[in-house]
Amino acid sequence: MSDEPEIQEPSPDGGLADHPLTAQRLAKHETTLAGEGYPYRFDRTKYAGDLHEAYGSLEPGTETEDRAAVAGRLMAMRRMGKLIFAVLQDTTGRIQLFVDKRTLGDDAFAAFDDLGIGDWVGASGVVITTKKGEVSVRINDFELLSRALRPLPDKWHGLQDTEMRSRRRYVDLMVNDDARRTAMMRARIVSELRRQFEARGYIEVETPVLLNQATGALAKPFQTHHNALEQDMYLRIATELYLKRLVVGGLERVFEIGRIFRNEGVDSTHNPEFTMLESYEAFADYNDIMDMVEEMIRACAIVATGSTEITYQDRTLDLGKPFRRVRMVDLVAQATGEEMDFDRPLDEMRALAEKHGIDVDGTWGHGKIIDQLFEELVADEIWEPTYVLDHPKEISPLAREHRDDPNLTERYELFIAGSEYANAFSELNDPLDQRLRFEQQAAARAEGDDEAHPIDEDYILALEYGLPPTGGLGIGVDRLVMLLTDQHHIREVILFPTLRPEA
RNA sequence: GGGCCUGUAGCUCAAUAGGCAGAGCAGCGGACUUUUAAUCCGAAGGUCGUGGGUUCGAUUCCCACCGGGCCCA
């Protein structure tokens, strides 16, 4: 023996034999493997949901002659001696199995009795309703399809621990109806968004995630390294500039629903990777995009909840009536009681901001100060859907100058219940102006503003070939799903949120 | 980054002025042919997040670390 610390050999069963609860299940599993093994397929004829829909209105104590083969995870076993009530859960819901020793025979009944909660089971029989009226399948045959070697959480309380619910989402999905419902609703919402764009003649495209330079937004990127090319690369922080290159190329209506990566903090509305929807439409301006977003959000609400009137954070929210449209400068003027005039001396603007508790940076101009006042005084207070219009040019380096006001841009953000859901503009399509804006950003960056956009020369090159007038849009998909599913933390709508390694 | 809270059986939760750690569910043995959080009887099940410290004795007090939550920046 040496003094070296003993190396822990990983046990071949992953530690299952070390705990009585799993050792029993492991032993049964090994017996099955040594014997007839597990089936490779099962012919299901009915989902749980089908049976409840078709037979839910039958009188208690009805016996049909209709055969059904169901399959799912065994979620409950109520043993009554020579009778077992078992509950199978499939993707549509739950169905009770009526397991009668006389129907099934002694051996098969004993085998069913030996099943454990969590096992995957396929069973067939006739549809009946019990004395209490529960739609059930009285089985005369069943197969153990796969065994759960680990026990399920508490049947009544489910899995509560927030961390475990995220780490072992599969368990969360098994036992918590709300987790399943949210995942299903997210799928429906994303599907509806696609349908909406396709109905408008958009095509779905995929632009690169791995880039030499992360541009198109104000955010810190994740850095990685390409070994063969011997160069550092970045994960995208937006899809914007690539999608507009495609419009330059003549793909006049494009959208992308894609994963975006931002190397920033984690909180109730931020995950390092999240899903962004961006779209660009040639010949449209931001007014057209406002109309479109309103229709799409209503469509998604109906798909998710059946109504445009939803409940969010215990308050009702009417997405059905026209969204309010109001300029950012007017909202700030109203909140401060002072007119937002770009000709006003900058010192007065700074003093106003400081009066409202804002820590003013020396690099800020009128536009940035107005934006900060908006964030500080107005944004949280907005409940009803509101398009906040015409952001200052200083904070909108990719948006086109407003046709009526050179200090502003044709841009809007959609605010609902204090949060931002969409950001859109009439796209800046003049390469000369775009270069100027990038240079202003570069100057701000040089003065210490680490939230300034980097310059993207190749994008300017693309603009030099001509971008038509274009209306663009970005929607945070995770947040939209949160809104429509009444979830208040982004981890509840992301199946596998970013976590530290387990302790 | 700061403040507060938190980690106990597979799960959901208790308890301890510092002295053998407790329940429900799940699991195991038994009874039961209409249950649906079934019921009843019985026997089990713990590295109290990890590592230090104080102490005769630490799950409990102190320190550090790890994971998680909420609020603030």
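Just so it is clear: chains get the letters A, B, ... in the order the sequence lines come, proteins before strands, and each one is counted from 1.
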Atom CG of A/L97 and atom C1' of B/rU36: how far apart are they, to the nearest Å?
13 Å
Counterpart base for B/rA23, defined by Watson-Crick or G-U wobble contacts under 3.5 Å
B/rU12
Non-hydrogen atoms of A/D341 and A/H366 that approach each other most closely:
O-CD2, 3.7 Å
Between C1' of B/rA37 and CZ of A/F85, the distance in whole Å:
15 Å
Kindly say if A/R78 contacts the phosphate of B/rU33, meaning a side-chain N or O under 4.0 Å from OP1 or OP2.
no
Report the base-pairing partner of B/rC65 (Watson-Crick or G-U wobble, both distances below 3.5 angstrom), or none.
B/rG49
Rounded to the Å, how far apart are A/Q96 CD and B/rA38 P?
10 Å
cation_pi(A/R315, A/W383) dist<6.0 Å, angle<=45:
yes
If the plane angle is over 60° it's perpendicular, under 30° parallel, otherwise tilted; pick one for A/Y387 and A/Y412.
perpendicular
More 5' along RNA chain B: A/F98 or A/M164, using each one's nearest nucleotide?
A/M164
Strictly under 4.0 angstrom, non-hydrogen atoms only: write out the protein contact profile of nucleotides 40-50 of chain B, one letter per nucleotide from the 5' end, B, S or -.
-----------
Specify the glycosidic conformation (syn or anti) of B/rA14, with syn defined as within 90° of 0.
anti
Just wondering, are more than 12 heavy atoms of other shown residues or ligands nearer than 6.0 Å to CG in A/D267?
yes
Might you point out which heavy atoms bring A/G125 and A/N140 nearest each other, and give the distance in Å?
CA-OD1, 3.6 Å
So which atom in A/F42 and which in A/A123 form the shortest heavy-atom distance, rounded to 0.1 Å?
CZ-N, 3.5 Å
Separation of atom CG in A/D119 from atom P in B/rA26, rounded to whole Å:
15 Å
From B/rU36, B/rG69, B/rU33, nucleotide with atom closest to A/R491 side chain:
B/rG69
Taking atom CG of A/D119 and atom CE of A/M75, what is their separation to the nearest 0.5 Å?
11.5 Å
For atom CD of A/E53, is the number of surrounding heavy atoms from other residues, nucleotides or ligands below 6.0 Å larger than 12?
no
Look only at the side chain of A/T224 and the backbone of A/Y234, and say whether a donor-acceptor pair between them is shorter than 3.5 Å.
no
Base-pairing assignment for B/rA38 (Watson-Crick or G-U wobble, both under 3.5 Å)
none
Could you tell me whether the phosphate oxygens of B/rC66, OP1 or OP2, come under 4.0 Å of any side-chain nitrogen or oxygen in A/R500?
no
Using nucleotides 23-25 of chain B, report all nitrogen or oxygen pairs with the protein that are shorter than 3.5 Å.
| residue | atom | partner | partner atom | Å |
| --- | --- | --- | --- | --- |
| B/rG24 | N2 | A/D154 | OD2 | 2.7 |
| B/rC25 | O3' | A/K155 | NZ | 3.3 |

What do you reckon, are the aromatic ring centroids of A/Y312 and A/H488 less than 6.0 Å apart?
yes
What is the distance, rounded to the nearest whole Å, between atom CZ of A/R150 and atom P of B/rA26?
20 Å
Nearest of B/rG69, B/rG27, B/rC28 to any side-chain atom of A/K28?
B/rC28
Can you check the A/R167 CZ to B/rG67 P distance for me, whole Å?
9 Å
For the P atoms, the ones on B/rU36 and on B/rG69, what distance do you get once it is rounded to whole angstrom?
38 Å
Side chain of A/Q160 - closest among B/rC13, B/rG67, B/rC32
B/rC13
Quick check on B/rU12: is either OP1 or OP2 less than 4.0 Å from any side-chain nitrogen or oxygen of A/R165?
no
Taking the P atom in each of B/rA17 and B/rC61, what is the distance between them to the nearest angstrom?
11 Å
Can you check the distance between B/rG2 and B/rU60, where both ends of the measurement are the P atom (answer in whole Å)?
25 Å
Please tell me whether A/F85 and A/F98 form a close aromatic pair, meaning their ring centres lie under 6.0 Å apart.
yes
Among B/rU36, B/rG69, B/rU33, the one nearest A/T130 by side-chain distance:
B/rU36
Nearest to the A/L159 side chain among B/rG69, B/rG27, B/rC11, which nucleotide is it?
B/rC11
Between B/rU39 (P) and A/M77 (CE): distance, integer Å:
16 Å
A/M75 CE to B/rC11 C1', in whole Å, measures 12 Å
Looking only at the aromatic ring of each residue, does the gap between the centers of A/F415 and A/F374 stay below 6.0 angstrom?
yes
Interface with RNA chain B, restricted to residues 45-72 of chain A and to heavy atoms under 4.0 Å:
none
Starting at OH of A/Y47, measure out to OG1 of A/T91 and round the result to the nearest 0.5 Å.
7.0 Å
Nucleotide paired to B/rG1 in any strand shown, Watson-Crick or G-U, under 3.5 Å
B/rC72
Can you tell me how far apart CZ (A/F109) and CG (A/L83) are? Round to the nearest 0.5 Å.
6.5 Å
Could you check whether A/H489 gets within reach of a base, just the sugar-phosphate, or nothing at all, counting any heavy atom under 4.0 Å?
sugar-phosphate
Which part of the nucleic acid, if any, lies within contact of A/G116, taking any heavy atom under 4.0 Å across all strands shown: a base, the sugar-phosphate backbone alone, or nothing?
nothing
Taking atom C1' in both B/rA43 and B/rG51, compute the distance separating them and give it to the nearest angstrom.
37 Å
